[in-house]
Every structure is written in C-alpha cells, then in structure tokens.
Amino acid sequence: MKKLQIALDLLNFDRAVEICEEAVEGGVDWIEIGTPLIKSEGRKSIKEINSRFDKTIVADMKTMDTGSLEVEIATKSGADVVAILGAASDSTIKEAVRSGNEFNCKIMADLIGVRDYLERARELEDLGVDFILVHTGIDEQMAGSDPLDKLKEVESSVDLPIAVAGGIDKSKSIKAVKSGAEIIVVGGSITRSKDVMDSTKKIKKAIENASQLKGKPTKQRTRDIVEEISTANLSDAQHRKGVMKGLKRVSGSESEIFGRALTVRTISGDWAKPLEALERSEEGDILVVDAGGDEYAAWGELASNSAKIKGIKALIIDGAVRDIDEIRELDFSIWARSINPEAGKPKGYGEIGNKIQCGGVNVKTGDFILADEDGVVVVDKKDKEEMLQRAKMVKENEDRIREEIKQGKTLSEVLSLKEWEKER
Ligand SMILES: O=C([C@H](O)CO)[C@H](O)[C@H](O)COP(=O)(O)O
C-alpha cells in the first residue's frame, strides 16, 4: 500500500498544525515533522503533532552524528520513523539502527547529497536501515536536480521500501509510483498550495490510480519467478552455493516460502534474541537463527504464535524447536535441525541483524531465502535478480527435457550422459 507523506517544512508551529489538519482531511498517510520545523520549534513540534494526530509520525532529523542520541530524542518525542543522513558514517548509522531497535522505531536513510548513491544504498541496507529515501534537497531542486532520475535504479538495487522526496507534485507522484516508490514525500506542493486539503486529495488519488496501473514493478516480477522455481533449480543456478545443510522442514503447509532474511544469533537454547527480533521485523520477513546447532529448543509454540501475528513468513533455525504438534496446528513454517522438548533460558546473549552462519551458510539481513520440502537456499541480496533469472532458465531447461522423455527418450539419452560422463 503506497503511502503519501506530508513534509511540514515550516518555521511556525501553529501554521504547521493548521496545514496538517487540512492535509489529514485530504487523506495524507504519514506526517513528517520537517527539518526546518524541528530546528525552529524543537522536539516540542514532534510531541505536539504526535499528540494531535493518529498517524505515522516521521521526524526528519537529518542526523549526521550521535545517531543513537538523536533517534532517542525523536522517538521519545513520539516519532515512529526517524530520517537520518545516508552520508553519515557507518558507526552513526549503526548506532541509529541500534537505537531504533531499542526504542521500536524505523530508520529512514536519506541519500541527499550522496555521490555514489547506489553503492551507499546497498551499504545502508546491510547496516540495517528500514527505508531508503531518494531525495533531492530544496537547494538541489533550484539547480534543476530531480529525485526521479535516480529512483528506478535505486529501487532495483535494494530490497527495502523506497521513499522519494524533492519537488514531488501530482504528476511526479505518478511517475514515482511507477518507478517503485512505496512512500511519496510531498512538501511544498501541498504546504504552499491555496487549498491544502484539495491538493492532498488530488495527489493521494493520483498515487492510488498509479498503483493500479499496468506494468510489473520489480517485486511483482520476483514473485512471478519464485512461483515457478524450486530450491533445486536455485541450487543448480548458484552451483550449489547457499544451500543449507542438515536443516529439514518440520512444519507448515505452504509449498514454498520466499522472503527477506532477518538474522539472529543466539547461544545454546537461549530464546531471548529470537523473540526480540520480532520487534525489529517487517511483515513478510523470514527469521534466520543461528542457535549453535545444538539440541536445546530456542523456539516453541508461543513464539510461533507471536511470529505469525507479526506477519513473519517462516523460521529457519540452526538449532532445535519444540511444541511441534501445536506449531503444525498453527500452520507456521519452520525449517530446523532438530525437535526437542527441552528448552534453554532467555538469557539474551547474541545479536539481531548481523551476519550469521546457519546450516553452514553465511546469511546477512536482507539476503533472500527460498525454502521448500527439499530444504533451504540463501541468495545474496545483490545477486537476487540474476540468480532468480538463472533458476528460471534451469527450470525451463528441465521442462524441455521432460517433454523429450515423454516422447520416448531415456533421461541418459537426452542428457547424452555416455558422451559426457567422464568430462563432468
Ligand atoms: O527534506 C526536505 C528538505 O531537505 C527541507 O527540509 C523536504 O521535506 C523535502 O525536500 C520535501 O519537500 P518538497 O521538496 O518541498 O516537496
């Protein structure tokens, strides 16, 4: 569902509230307390707007340093999303993400002024931010820059939801949706208009209509391919890279699952971090847990219940689970190394979102997981498009072979095994 976010880039709080009321009337989804408003009125502007409107609140802090502190200030003032600068150092980004995890808010990384924006977008995804903002600042706009010039390539380079900002009006909002933006940020085209409510309504309608337009965005193409392929096809496509060892499906009726990994590392039987990861997860995520491969259960039926309600698609755990009958009853998909009634304790060792080993394979948050009755395969996020296409080709080749077998040839004849067997 696309979101229209109004950017309240005003200096006066009372005027900002007035405009916000009209924009909410017009159907805006998210409310951004713009940098100018925060700088002129302080964190009170976040608190007051949050207390008056039941909407997702974005604080455009444009954080460049002290990531943890600025995220804490914004979240304690009521922000649900904090915008920081993608140009900030990796340690500032990591600190902001950690603080976001602690205070249960999302981090939006703004690519404003970043020269190598594609590479930086991928780095920011690795660092664990929740959204990427493709943004042309006010001054850059005056020099003729347009965020839509970068939007499509950024959208297909990362698998995070993309926001776009910078001179967006009704016609640009349509192009932004068609280029894959999920969150459309609009400042002046609404806040400077004569009729704020009407302008908001018009842009909102344009976004909704554009969302129904034909033309498959990248993510739809991914879904189409995933429905066709299996982990076996993907294993062949990756020359056996990314295939987890020793984990088997223990529950779930979906023929296969595909989604973005959220990684967790914990120690023997310690079930705290796998549970805490649910606070950090996005709907559709797959929890991938390195539980040390041992036999103490680090997950059970209650955790499965909570995960399912959060929209977690599946659990892949290099370790043990328990309550398997109830989990099967729940129809929550799990691939695990073992099943064991003995659980450990919630000590809280380990971490969320960092690179782990699971089933003998390196997994980063943001990598893709395909799992079915055969097992689990990890696809590095930067290779996703290519590997899915290669797996599709593997599948199509097998479909052709199957047709030749149906016409009477044996498999070894079709594969000319005798001719090649010593060469492989
Ligand atoms: O972030 C913004 C800018 O840097 C001033 O703080 C604006 O909120 C963003 O550019 C959206 O505003 P418009 O460009 O006026 O739509």
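In listed order, ligands and their atoms are each counted from 1. For this chain, numbers begin at 1 and follow the sequence in order.
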protein heavy-atom neighbour closest to atom 10 (O) of ligand 1 works out as H135 NE2, 2.8 Å
Between R98 and E102, does any side-chain N to carboxylate O distance fall below 4.0 Å? yes
When you measure from the side chain of E125 to the backbone of D159, do you find a donor-acceptor pair of N or O atoms at a distance under 3.5 Å? yes
How far is atom 6 (O) of ligand 1 from the closest protein heavy atom, and which atom is that? K62 NZ, 3.2 Å
D60 neighbourhood, listing ligand 1 atoms whose heavy-atom distance to it stays under 4.0 Å: 1 (O)
Is V288 close to L262 at the side-chain level, that is, under 4.5 Å between some pair of heavy atoms? no
Classify the ring geometry of F131 against W30: parallel below 30°, tilted from 30° to 60°, perpendicular beyond 60°. perpendicular
Side chain, backbone, both or neither: the part of T191 lying under 4.0 Å from ligand 1 by heavy atom: neither
Quick one: does S193's side chain have a donor or acceptor within less than 3.5 Å of a partner on I190's backbone? yes
Any atoms of ligand 1 less than 4.0 Å from a non-hydrogen atom of T35? List them with their elements. 6 (O)
Closest non-hydrogen atoms of L10 and R15, given as atom of the first, atom of the second and distance, are CD2-NH2, 3.6 Å
Do the side-chain N and O atoms of S304 and W299 include a donor-acceptor pair separated by under 3.5 angstrom? yes
Report the member of L8, D9, I168, D169 with the shortest heavy-atom distance to atom 8 (O) of ligand 1. D9
Pull out every atom of ligand 1 sitting under 4.0 Å from any heavy atom of G167, numbered as shown with elements. 13 (P), 14 (O), 16 (O)
Expected output: side-chain D80 to main-chain I57 donor-acceptor under 3.5 Å: yes
Are S189 and ligand 1 in contact, using a heavy-atom cut-off of under 4.0 Å? no
Can you find a non-hydrogen atom of G34 under 4.0 Å from ligand 1? no
Atom 16 (O) of ligand 1: nearest protein contact (heavy atom, Å): G187 N, 2.8 Å
Considering only heavy atoms, does D110 approach ligand 1 within less than 4.0 Å through its side chain, its backbone, both, or neither? neither
Least distance between heavy atoms, N340 atom then A297 atom: O-CB, 3.4 Å
Under 4.0 Å to a heavy atom of E32 - the qualifying atoms of ligand 1, by number: 8 (O)
Within a distance under 4.0 Å of any heavy atom of G188, pick out the atoms of ligand 1 and give their elements. 13 (P), 15 (O), 16 (O)
